[in-house]
Number of protein chains: 2
Amino acid sequence: MDIRTRLIDTAEQLFDRHGFTATGMDRLTHGAGISSRTLYKHVGSKNRLLAIVLDERDRRFMRSLASAVSVDDLFGALGAWFADEGARGCLFLRSWAETGGEVPEIVEAMTRHKARLRQRIEEIVEAETGRRDDELAESILLLVEGVTHAATYRGSATVDVALRAARRLVEAAMV
Amino acid sequence: MDIRTRLIDTAEQLFDRHGFTATGMDRLTHGAGISSRTLYKHVGSKNRLLAIVLDERDRRFMRSLASAVSVDDLFGALGAWFADEGARGCLFLRSWAETGGEVPEIVEAMTRHKARLRQRIEEIVEAETGRRDDELAESILLLVEGVTHAATYRGSATVDVALRAARRLVEAAMV
DNA sequence: TCCAATGTAAAACGATCACTTTACTTATGC
DNA sequence: GCATAAGTAAAGTGATCGTTTTACATTGGA
């Protein structure tokens with residue numbers, strides 16, 4: 001496995017499980033099995049490493065939603081994501097908050113991800129209902145954001161609740 | 001103003017705006033205008049300070065929901081909270097995640113708060129519909145959690161979207 | 001009046017932070 | 001076959017971390 005990939009995977013896990021600031025560079029180098037010199041050659045700084053981690057996570061997350069054409073698909077994919085990766089809240093928002101919104105590259109990574117997510121939901125809603133519906137898309141976004149955070153303390157059954165609520169909102173918007 | 005109150009208020013603002021780990025003890029002592037010796041006499045440790053901050057925030061938050069008997073009241077109170085305090089995501093979940101779920105007193109403060117929130121929503125739903133409805137309450141919780149986090153990047157108009165979605169779910173549950 | 005409590009300022013604690021540097025080894029490609 | 005690139009281990013950078021301690025000032029109640 002490529003050094004850079006190994007580093008980014010390790011960093012994503014450590015940042016997600018223990019927090020960004022709480023994760024020291026030595027934990028990262030030991031975890032990835034590389035020297036600190038190599039780490040800095042590859043990613044330049046801790047902040048930049050986080051930005052790269054977030055971009056990579058965004059790509060992987062969006063890939064998991066790639067084939068979704070209904071809210072059933074959407075929440076199915078979310079449930080699979082939580083089962084695979086765990087549910088500890090949105091890493092993008094957590095990274096943004098932990099750095100006080102003061103690190104531009106992290107603000108941008110968060111903003112990019114959220115814009116893509118919103119766009120993807122818009123597409124799914126259009127595929128499901130046959131027309132654009134901003135209000136419905138925004139409501140579904142709220143349920144997605146809600147289940148992402150509620151699943152951390154109420155467990156994965158919350159995904160089913162979110163799906164049923166989404167279905168109700170779709171039905172209500174169809175008439 | 002009481003020293004302890006001043007300390008807790010200062011800590012809540014700094015933790016919320018800049019993150020828990022990123023906030024050093026010197027920022028806290030300077031912010032509250034006290035010596036580090038006094039800080040430690042009063043709260044014992046940084047982790048304990050955070051736990052106290054969270055408990056105090058929970059009391060204040062619950063007080064802001066005290067008179068709510070409908071989803072209109074609920075999301076009205078939420079909108080007022082965001083307007084007063086800003087919207088940077090749930091401080092309880094953020095604190096829990098930043099400390100990796102490894103600090104018992106913070107895990108407990110988060111758990112207590114979420115249990116109270118869930119209970120309060122259950123009561124509001126019962127007041128609105130005239131009967132207990134776990135599924136509806138859980139859906140409203142998802143919208144509350146959703147708007148808490150989506151408002152950080154989509155602004156306060158999201159509160160209205162959440163309210164309209166909640167009304168739809170209430171209507172759908174009434175028939 | 002004097003003891004105890006409560007506060008301050010400031011230094012010291014050892015640990016750890018992100019990051020750089022030095023000195024050396026190991027591959028790779030022309 | 002030899003320069004170049006890419007890696008290692010490990011020491012060192014100065015700053016900052018959370019916390020404790022020392023030495024001293026102020027104050028309120030028995």
Side-chain angles (χ1 to χ4, degrees), chain A residues 1-54 91 94-107 109, chain B residues 1-54 91 94-107 109:
Chain A
M1 199 193 224
D2 178 49
I3 275 190
R4 189 188 160 94
T5 309
R6 202 168 63 223
L7 170 58
I8 292 170
D9 286 4
T10 304
E12 181 177 356
Q13 285 213 29
L14 289 174
F15 292 162
D16 185 41
R17 285 176 213 276
H18 306 289
F20 171 65
T21 316
T23 301
M25 300 307 281
D26 58 336
R27 292 244 295 248
L28 290 166
T29 52
H30 289 151
I34 61 175
S35 65
S36 70
R37 196 181 206 274
T38 301
L39 185 150
Y40 281 95
K41 285 255 158 136
H42 276 278
V43 297
S45 73
K46 197 192 185 188
N47 281 338
R48 179 99 127 258
L49 173 58
L50 175 54
I52 295 170
V53 162
L54 292 180
L91 186 61
R94 284 165 51 201
S95 302
W96 167 79
E98 251 204 84
T99 54
E102 284 158 5
V103 181
E105 44 196 340
I106 293 168
V107 176
Chain B
M1 198 194 226
D2 178 50
I3 276 191
R4 190 188 159 94
T5 309
R6 203 168 63 223
L7 170 59
I8 292 171
D9 286 2
T10 304
E12 182 176 356
Q13 284 214 30
L14 290 173
F15 291 162
D16 186 42
R17 284 176 214 275
H18 306 289
F20 171 65
T21 316
T23 301
M25 301 306 281
D26 57 338
R27 292 243 295 248
L28 291 166
T29 52
H30 291 152
I34 61 175
S35 66
S36 70
R37 195 181 209 277
T38 301
L39 186 149
Y40 280 94
K41 285 257 158 139
H42 275 280
V43 298
S45 75
K46 196 190 185 192
N47 281 338
R48 177 99 129 257
L49 173 58
L50 175 54
I52 295 170
V53 162
L54 292 180
L91 186 61
R94 286 165 50 202
S95 302
W96 168 79
E98 250 203 86
T99 53
E102 284 158 4
V103 182
E105 45 195 339
I106 293 167
V107 176

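Every chain is numbered from 1, with letters handed out A, B, ... down the list of sequences.
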Looking only at heavy atoms, what is the nearest atom pair of [X] and [Y], with distance?
X      : Y      : result
R6(A)  : I34(A) : NH2-CG2, 3.6 Å
A11(B) : V53(B) : CB-CG2, 3.7 Å
K46(B) : T21(B) : NZ-O, 3.6 Å
L50(A) : S95(A) : CD1-OG, 3.7 Å

Go through [options] for me and flag the one nearest to the [X] side chain.
X      : options                  : value
M25(A) : dC19(C), dT8(D), dG18(D) : dC19(C)
H42(A) : dG7(D), dG7(C), dT19(D)  : dG7(D)
R37(B) : dC17(D), dA18(C), dG7(C) : dG7(C)

Short side-chain N/O contact from S36(B) to OP1 or OP2 of dG18(D), under 4.0 Å: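 Negative; the distance criterion is not met.
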Just how far, in rounded Å, is [atom2] of [N] from [atom1] of [X]?
X      : N       : atom1 : atom2 : answer
D26(A) : dA18(C) : CG    : C1'   : 10 Å
L50(A) : dA18(C) : CG    : P     : 12 Å
R27(A) : dA15(C) : CZ    : P     : 18 Å
R4(B)  : dA5(C)  : CZ    : P     : 19 Å
I34(B) : dA9(C)  : CD1   : C1'   : 13 Å
Y40(B) : dC13(C) : OH    : P     : 17 Å
L7(B)  : dG7(C)  : CG    : P     : 11 Å
L39(B) : dT20(D) : CG    : P     : 11 Å

Sugar-phosphate only, base, or nothing, as touched by T23(B) at under 4.0 Å among non-hydrogen atoms: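 Sugar-phosphate, no base atom in range.
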Touch class at under 4.0 angstrom, heavy-atom based, for G33(B) against every strand present: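 Result for G33(B) = sugar-phosphate.
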Main-chain N/O of F20(A) paired to R94(A) side chain as donor or acceptor, under 3.5 Å: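 Here the side-chain-to-backbone pair does not exist.
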